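Quick notes on the structure that follows.
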There are 2 protein chains.
Amino acid sequence: MPESTAKKPSRIQRRNRRVILDAALEVFSKHGYRGATLDQIAAEAGLSKPNILYYFNGKEDIHVTLLSQLMETWLDPLVELDPDGDPRREILDYVERKLTMSRELPRESRLFANEILQGAPRIEPELKRHLKPLFDEKCTVIAGWVAAGKLPPLDPQHLIFSIWATTQHYADFEAQAQILLGPETDPRPRAQAHLQAMFGALLDLPEPSANG
Amino acid sequence: MPESTAKKPSRIQRRNRRVILDAALEVFSKHGYRGATLDQIAAEAGLSKPNILYYFNGKEDIHVTLLSQLMETWLDPLVELDPDGDPRREILDYVERKLTMSRELPRESRLFANEILQGAPRIEPELKRHLKPLFDEKCTVIAGWVAAGKLPPLDPQHLIFSIWATTQHYADFEAQAQILLGPETDPRPRAQAHLQAMFGALLDLPEPSANG
DNA sequence: GTCTATAACGCGATAGAC
DNA sequence: GTCTATCGCGTTATAGAC
């Protein structure tokens, strides 16, 4: 195996690891941790099963690696929320970034949802170490905006929860949306308009006509 | 096994089936379909594994039975949405019913979420047969309210999605909420206030001070 | 580094005594 | 109806040839 003491992971090693992780994301997000098998991951990656286990220490190692890598990408839209920007614009832009992410990275969203749904057994330390401080920081920012009279009175924590819930819904519950709306249409353009109107109303914004 | 031709399932049979289904709900909602084992269900039910299989034809039979039974309860809050009631009151009351349900039946919510997340492989027929018609019916009701000028212009389908997403979030992502808010507090009272304010703003309601 | 073959284990389901 | 014991299968992981 590639030892932790190995100084130089070769180009082919890094490439194969990426191929395996991408295949694993596909399989884990579709079937959950327990429902995924190394056979499926190996087939998806175009590699043999023992070869998978040459690059990773086991099924759980792959899963944890995926979740850890996901963390940074996942927090990024919230990191970008600017304390010095216009409060209502910042929040509505955050909604848009989250919805875009749920369209472009639905597998990541479902991987994350699967893990939380089962009690976050493997990602809990990462959440406490990275998500919690960021969440608290941004809640303080929003509370400051409210205190300064730049926003109407609202609950920062539950506002963020509402944004997460509504935007990730379109990735996590895609199967249900397809049954109810039909498989043809991508619901996200209309979802975008609806969410901008809803959060805009909460933030006491007049109708947003365009946003960037 | 209890044949389909058996005329009279005894009292003890019905009781044991209920005990097994309750245990299975606990285990399936916590670990997902594939992650759950008959051993866990048997231990939770206080019965032996073969005895479980005396009452059900297999693991999948238990799972499908649970999902089917859940369907009715799950749709009930939406069924109650009254076309002849006050539009804004009806929708805000629906939000409250859904939030109450996510507090009182979190296991059912997670069972459902798990199934949808994996593409609804077993519940899809039920969704098409029961959820879809109800969803369409109530969307038409809301669209009628909008057309009649009783509500501001809004998207009925995505309004309902937003209600589902925000209310079920507190059951499905409970692990995340506990990490971010602390395990002591039940977030739902403040969630209730936040959601009433948010959807109230969208529906152009003044601040709701109390609701029944 | 990558493969074939297989060991070790856990799981769903069945057989058969009581 | 309920149990103990066990079968057969699928899955993770390893051994060893190349």
Side-chain angles (χ1 to χ4, degrees), chain A residues 1-28 30-67 114 118 121-122, chain B residues 1-28 30-67 114 118 121-122:
Chain A
M1 82 182 72
E3 295 288 340
S4 56
T5 57
K7 302 301 182 299
K8 37 173 183 173
S10 72
R11 258 169 249 97
I12 191 170
Q13 276 178 342
R14 297 192 65 82
R15 201 195 80 92
N16 274 348
R17 278 184 68 97
R18 277 194 301 102
V19 168
I20 292 169
L21 286 174
D22 188 71
L25 173 60
E26 185 72 26
V27 178
F28 278 131
K30 198 175 289 176
H31 304 290
Y33 176 76
R34 197 62 154 53
T37 69
L38 287 181
D39 277 313
Q40 291 172 306
I41 296 173
E44 185 79 26
L47 296 171
S48 70
K49 190 162 52 172
N51 206 3
I52 301 288
L53 292 168
Y54 170 79
Y55 287 102
F56 290 92
N57 288 326
K59 185 182 181 180
E60 178 156 356
D61 184 23
I62 303 176
H63 194 241
V64 170
T65 302
L66 270 180
L67 288 173
N114 254 310
Q118 326 229 325
R122 277 170 281 270
Chain B
M1 81 181 73
E3 297 287 340
S4 56
T5 56
K7 302 300 182 300
K8 36 172 184 173
S10 72
R11 259 170 248 98
I12 191 169
Q13 276 177 343
R14 297 191 64 81
R15 201 195 81 92
N16 274 348
R17 278 183 69 96
R18 278 194 302 101
V19 168
I20 292 169
L21 286 174
D22 188 71
L25 173 60
E26 185 73 26
V27 177
F28 278 131
K30 198 176 289 176
H31 304 290
Y33 177 75
R34 199 62 155 55
T37 69
L38 287 182
D39 279 312
Q40 291 173 306
I41 296 173
E44 185 79 26
L47 295 171
S48 70
K49 188 163 54 171
N51 205 2
I52 301 288
L53 293 168
Y54 170 78
Y55 287 103
F56 290 91
N57 288 326
K59 185 182 181 180
E60 180 157 355
D61 183 24
I62 303 177
H63 194 240
V64 171
T65 302
L66 270 179
L67 288 173
N114 254 311
Q118 324 230 325
R122 277 171 281 270

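When reading the values below, keep in mind they use all heavy atoms of this one structure, side chains included, and skip hydrogens, waters and symmetry mates. A note on names: the letters A, B, ... follow the listed sequences, proteins ahead of strands, and every chain is numbered from 1. Bear in mind that the values here come from a model prediction, so they are computed numbers and not experimental data.
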Among [options], the one nearest [X] by side-chain distance:
X	options	answer
B/Tyr54	D/dT2, C/dC3, C/dA13	D/dT2
A/Tyr55	D/dT4, C/dG1, D/dG1	C/dG1
B/Leu53	C/dA13, C/dA5, D/dG1	C/dA13

Nearest atoms (heavy-atom pairs only) where A/Tyr55 meets A/Ile12: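 The answer is OH-O, 4.4 Å.
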Minimum heavy-atom distance A/Leu53-A/Gly58, with the two atoms named: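 The pair with the smallest heavy-atom distance is CD2-CA, 3.7 Å.
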Give the rounded distance in Å between these two atoms: [atom1] of [X] and [atom2] of [N].
X	N	atom1	atom2	result
A/His31	D/dT11	NE2	P	11 Å
A/Asp61	D/dA13	CG	C1'	13 Å
B/Ile62	C/dC11	CD1	C1'	14 Å
A/Leu47	C/dT4	CG	C1'	16 Å
B/Tyr33	C/dC11	OH	C1'	12 Å
A/Lys59	D/dA13	NZ	C1'	12 Å
A/Phe28	D/dT11	CZ	C1'	13 Å
B/Ile52	C/dA13	CD1	P	12 Å

Gap separating the OG1 atom of A/Thr65 from the CG atom of A/Asn57, nearest 0.5 angstrom: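 CG of A/Asn57 is found 8.5 Å from OG1 of A/Thr65.
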Any chance you could measure A/Ile52, atom CD1, to A/Arg17, atom CZ, to the nearest 0.5 Å?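 It comes to 11.5 Å.
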Are OP1 or OP2 of D/dC3 and a side-chain N or O of B/Ser48 less than 4.0 angstrom apart?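 So the side chain of B/Ser48 is within the cut-off, an N or O lying under 4.0 Å from OP1 or OP2 of D/dC3.
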Can a side chain N or O of B/Asn51 be found less than 4.0 Å away from OP1 or OP2 on D/dG1?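 False: B/Asn51 side-chain N/O out of range (4.0 Å or more) of D/dG1 OP1/OP2.
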Tell me yes or no: between the side chains of B/Arg122 and B/His63, is some donor less than 3.5 Å from an acceptor?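 Yes, because at least one side-chain N or O of B/Arg122 sits under 3.5 Å from a partner of the opposite role on B/His63.
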Look only at the side chain of A/Lys59 and the backbone of A/Tyr33, and say whether a donor-acceptor pair between them is shorter than 3.5 Å.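 Answer holds: yes.
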Has the side chain of B/Glu44 got a donor or acceptor atom that lies under 3.5 Å from a matching backbone atom of B/Ile41?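 No; zero donor-acceptor contacts below 3.5 Å.
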Which residue, B/Ile12 or B/Lys49, contacts DNA chain D at a nucleotide closer to its 5' end, judged by nearest heavy atom?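 Nearest-nucleotide comparison on DNA chain D picks B/Ile12.
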Listed in order of residue number, which residues of residues 34-44 of chain B have a non-hydrogen atom at under 4.0 Å from DNA chain D?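 Output list: B/Arg34.
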Toward the 5' end of DNA chain C, by each residue's nearest nucleotide, B/Glu60 or A/Asn16: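 Result of the comparison: A/Asn16.
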